[in-house]
Asks: 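The structure follows.
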Amino acid sequence: QVRLVESGGGSAQAGDSLTLSCAASGFTFSNYALAWIREVPGRERQLVATISWDSREKFYVDAVKGRFTISRDNAKDTVYLQMSSLTPEDTAVYSCAIERWPYGLGSRTLVDYDYWGQGTQVAVAS
């Protein structure tokens, strides 16, 4: 079955960098767009970044543009989120998700994603 396992989260200071990884299995990874999503208790889930199935299209929410970079390694069935210049507002549980259909460009709508992982906690102190 489909499985997504995130890692790389932890505690950081403002200005630090972290790189999150999401290892996938159970589907043809290279055929699907992927997304990183973050959630803070009491707030709506936020689509942070997306990458198309062929890596040609990438999207970032305004709050992370210029600071976060999404990438994928199809040989390792892994998607990454490099985060730099972290701020306390980046504190959240970060999860990866798969777009519902193959060969997509990476929808900017959360409902278009399925099979979310358990998430990895990122805590940024000021």
Asks: Any chance you could measure Ser126, atom OG, to Leu86, atom CG, to the nearest 0.5 Å?
Replies: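 Rounded to the nearest 0.5 Å, the OG-CG separation comes out at 13.0 Å.
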Asks: Taking Val93 as the starting point, is it possible to reach Val122 by hopping between hydrophobic residues whose side chains are less than 4.5 Å apart?
Replies: no
Asks: What pairs meet the side-chain hydrogen bond (donor to acceptor under 3.5 Å, both in side chains) rule with one or both residues in residues 56-69, with sequence neighbours excluded?
Replies: Asp62-Lys65, Arg67-Asp90
Asks: Could you tell me whether the side chain of Thr91 and the main chain of Val124 form a donor-acceptor pair under 3.5 Å?
Replies: yes
Asks: Tell me every residue that passes salt bridge (charged side-chain N to carboxylate O under 4.0 Å, His left out) with Glu39, counting only those two or more places apart in sequence or in another chain.
Replies: Arg45
Asks: With Trp53, which residues qualify under ring-ring contact (aromatic ring centres under 6.0 Å, His included), at least two apart?
Replies: Tyr103
Asks: Using a 4.5 Å cut-off between side-chain heavy atoms of Ile, Leu, Val, Met, Phe, Trp and Tyr, which other residues end up in the same hydrophobic cluster as Tyr80?
Replies: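 Via sub-4.5 Å side-chain contacts, Tyr80 links to none.
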Asks: How many angstroms lie between CD1 in Ile51 and CZ in Arg72, if you round to the nearest 0.5 Å?
Replies: 6.0 Å
Asks: With clusters built from Ile, Leu, Val, Met, Phe, Trp and Tyr whose side-chain heavy atoms come within less than 4.5 Å, directly or transitively, what are the remaining members of the cluster of Val111, listed by chain and number?
Replies: none
Asks: Among residues two or more places apart or on two chains, list those pairs meeting disulfide (SG to SG under 2.5 Å) that have a residue in residues 29-77.
Replies: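 Every pair satisfying disulfide (SG to SG under 2.5 Å) with a residue in residues 29-77: there are none.
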Asks: Please list, chain by chain and in numerical order, all residues satisfying side chain to side chain contact (heavy atoms under 4.5 Å, CB included) with Phe59, sequence neighbours excluded.
Replies: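 In terms of side chain to side chain contact (heavy atoms under 4.5 Å, CB included), with neighbours along the sequence ignored, Phe59 is linked to Leu47, Thr50, Arg108.
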Asks: If you apply the rule side chain to side chain contact (heavy atoms under 4.5 Å, CB included), what do you find for Gln46 with Ile37, and how did you get there?
Replies: CA-CA 6 Å; Gln46 183 182 40; Ile37 296 157; 5.9 Å; no
Asks: Test question: given the 4.5 Å side-chain rule for I, L, V, M, F, W and Y, name all other residues clustered with Leu105, or answer none.
Replies: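 Its cluster mates, by chain and number: none.
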Asks: Can you give the donor-acceptor pairs under 3.5 Å from side chains of residues 2-18 to other protein atoms, not counting sequence neighbours?
Replies:
{"residue": "Glu6", "atom": "OE1", "partner": "Gln118", "partner atom": "N", "Å": "3.2"}
{"residue": "Glu6", "atom": "OE1", "partner": "Gly119", "partner atom": "N", "Å": "2.8"}
{"residue": "Glu6", "atom": "OE2", "partner": "Cys96", "partner atom": "N", "Å": "2.9"}
{"residue": "Glu6", "atom": "OE2", "partner": "Gly117", "partner atom": "N", "Å": "3.4"}
{"residue": "Asp16", "atom": "OD2", "partner": "Gln13", "partner atom": "N", "Å": "2.8"}

Asks: Are Val40 and Glu89 close enough that some pair of their side-chain heavy atoms sits under 4.5 Å apart?
Replies: no
Asks: Tell me, which pairs form a salt bridge (charged side-chain N to carboxylate O under 4.0 Å, His left out) where one or both residues lie in residues 111-126, sequence neighbours left out?
Replies: Arg100-Asp114
Asks: Just jot down the ring-ring contact (aromatic ring centres under 6.0 Å, His included) partners of Tyr113, sequence neighbours excluded, or say none.
Replies: none
Asks: What pair of heavy atoms forms the shortest contact from Pro88 to Ala125, and how long is it?
Replies: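 It is CG-C, 4.3 Å.
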Asks: To the nearest 0.5 Å, tell me how far Cys22 SG sits from Asp77 CG.
Replies: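 So the gap between those two atoms works out to 10.0 Å.
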Asks: For the OG atom of Ser21 and the CG atom of Leu81, what is their distance to the nearest 0.5 Å?
Replies: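 Atom-to-atom, Ser21:OG and Leu81:CG are 9.5 Å apart.
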Asks: Are Leu20 and Val61 co-members of a hydrophobic cluster defined by side-chain heavy atoms under 4.5 Å apart?
Replies: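 Yes; tracing contacts between hydrophobic side chains, which count when under 4.5 Å, links both residues.
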Asks: Mind jotting down which residue pairs meet the ring-ring contact (aromatic ring centres under 6.0 Å, His included) criterion with at least one end in residues 17-49? Sequence neighbours excluded, please.
Replies: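 For residues 17-49: Phe27-Tyr32.
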Asks: Measure the spacing between CG of Asn74 and OG1 of Thr28 and express it to the nearest 0.5 Å.
Replies: 11.0 Å
